[in-house]
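Worth knowing before you read on, the calculation uses all heavy atoms, side chains too, and leaves out hydrogens, waters and symmetry mates.
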Amino acid sequence: SCGCYSLKKLIQRSIKHGMARRKKTRFYNVWCGLKQRCNYKKSINYKRYGGRGIKILWKSFIEFKDDMYKSYLKHLKDFGSKNTTIERIDTNGHYCKKNCKWATQKEQQNNKRNNKK
């Protein structure tokens with residue numbers, strides 16, 4: 001064998017969800033943003049998220065995708081990509097299925113900690 005089969009199998013094992021290969025999808029970029037602001041102290045937004053104890057309760061991108069992708073596609077269809085952002089319902093709560101939803105920019109602005117309701 002020329003090794004093609006081994007290479008093909010290696011590639012298949014490396015690809016878990018197909019959303020990050022070459023051109024990252026917007027949905028995958030949302031996941032990366034969550035990780036950035038919650039886990040990396042050098043992130044410009046860390047103090048407002050991870051620094052306050054906000055955590056991502058999904059153990060992997062696959063879990064995040066399983067919980068949020070279907071609702072993401074619906075929101076995307078209804079409001080477009082610029083108006084589809086992830087929002088925590090309780091701004092002091094963690095990122096998890098029970099506390100997250102897709103929201104428009106206007107909804108996001110109304111759900112800020114410093115917003116007087």
Item to check | Inter-residue atom distance Lys35.NZ - Cys32.SG, 0.5 Å rounding | outcome: 5.5 Å
Checklist entry - Between CD1 of Ile56 and CZ of Arg37, what distance do you get to the nearest 0.5 Å? => result 8.0 Å
Next on the checklist: Within the 4.5 Å heavy-atom criterion, are Lys97 and Leu57 side-chain neighbours or not?
Outcome noted: no
Checklist entry - Out of curiosity, does Leu76 fall in the hydrophobic cluster containing Phe79 (side-chain heavy atoms, cut-off under 4.5 Å, transitive links)? => result no
Next on the checklist: Go through it in stages, so that I can follow the logic: the residues are Phe61 and Phe27, the test is ring-ring contact (aromatic ring centres under 6.0 Å, His included), and I'd like the CA-CA distance, side-chain angles, deciding distance and then a yes or no.
Outcome noted: CA-CA 10 Å; Phe61 174 73; Phe27 184 77; 5.8 Å; yes
Checklist entry - So which heavy atom on Ala103 is nearest to which on Glu87, and how close? => result CB-OE1, 3.7 Å
Checklist entry - Would you call Gln36 and Asn45 a side-chain contact if the rule is heavy atoms closer than 4.5 Å? => result no
Checklist entry - Do Trp58 and Leu34 come within less than 4.5 Å of each other through their side chains, counting heavy atoms only? => result yes
Item to check | Straight-line distance of Gln105 CD to Thr84 OG1, nearest 0.5 Å | outcome: 9.5 Å
Item to check | Passing candidate, ring-ring contact (aromatic ring centres under 6.0 Å, His included) with Phe64, options Tyr95, Tyr72, Trp31, Tyr69 | outcome: Trp31
Item to check | Between CG on residue Asn83 and NE2 on residue His75, distance to nearest 0.5 Å | outcome: 7.5 Å
Checklist entry - Could you go step by step and tell me if Glu107 and Thr85 meet the side-chain contact (heavy atoms from CB on, under 4.5 Å) rule? => result CA-CA 9 Å; Glu107 289 172 311; Thr85 60; over 6 Å; no
Checklist entry - If only atom types and distance count, is the side chain of Trp102 paired as donor or acceptor with the main-chain N or O of Leu73 below 3.5 Å? => result no
Checklist entry - With side chains defined as the heavy atoms from C-beta onward, is the minimum distance between Ile89 and Lys98 less than 4.5 Å? => result no
Checklist entry - With no hydrogens and no angle check, is any side-chain donor or acceptor of Asn99 less than 3.5 Å from a backbone partner on Asp90? => result yes
Item to check | Expected output: side-chain Arg88 to main-chain Ile54 donor-acceptor under 3.5 Å | outcome: no
Checklist entry - Rounded to the nearest 0.5 Å, how far does NZ of Lys82 lie from CZ of Arg26? => result 10.0 Å
Item to check | Lys55 side, atom NZ; His94 side, atom NE2 - distance, nearest 0.5 Å | outcome: 5.5 Å
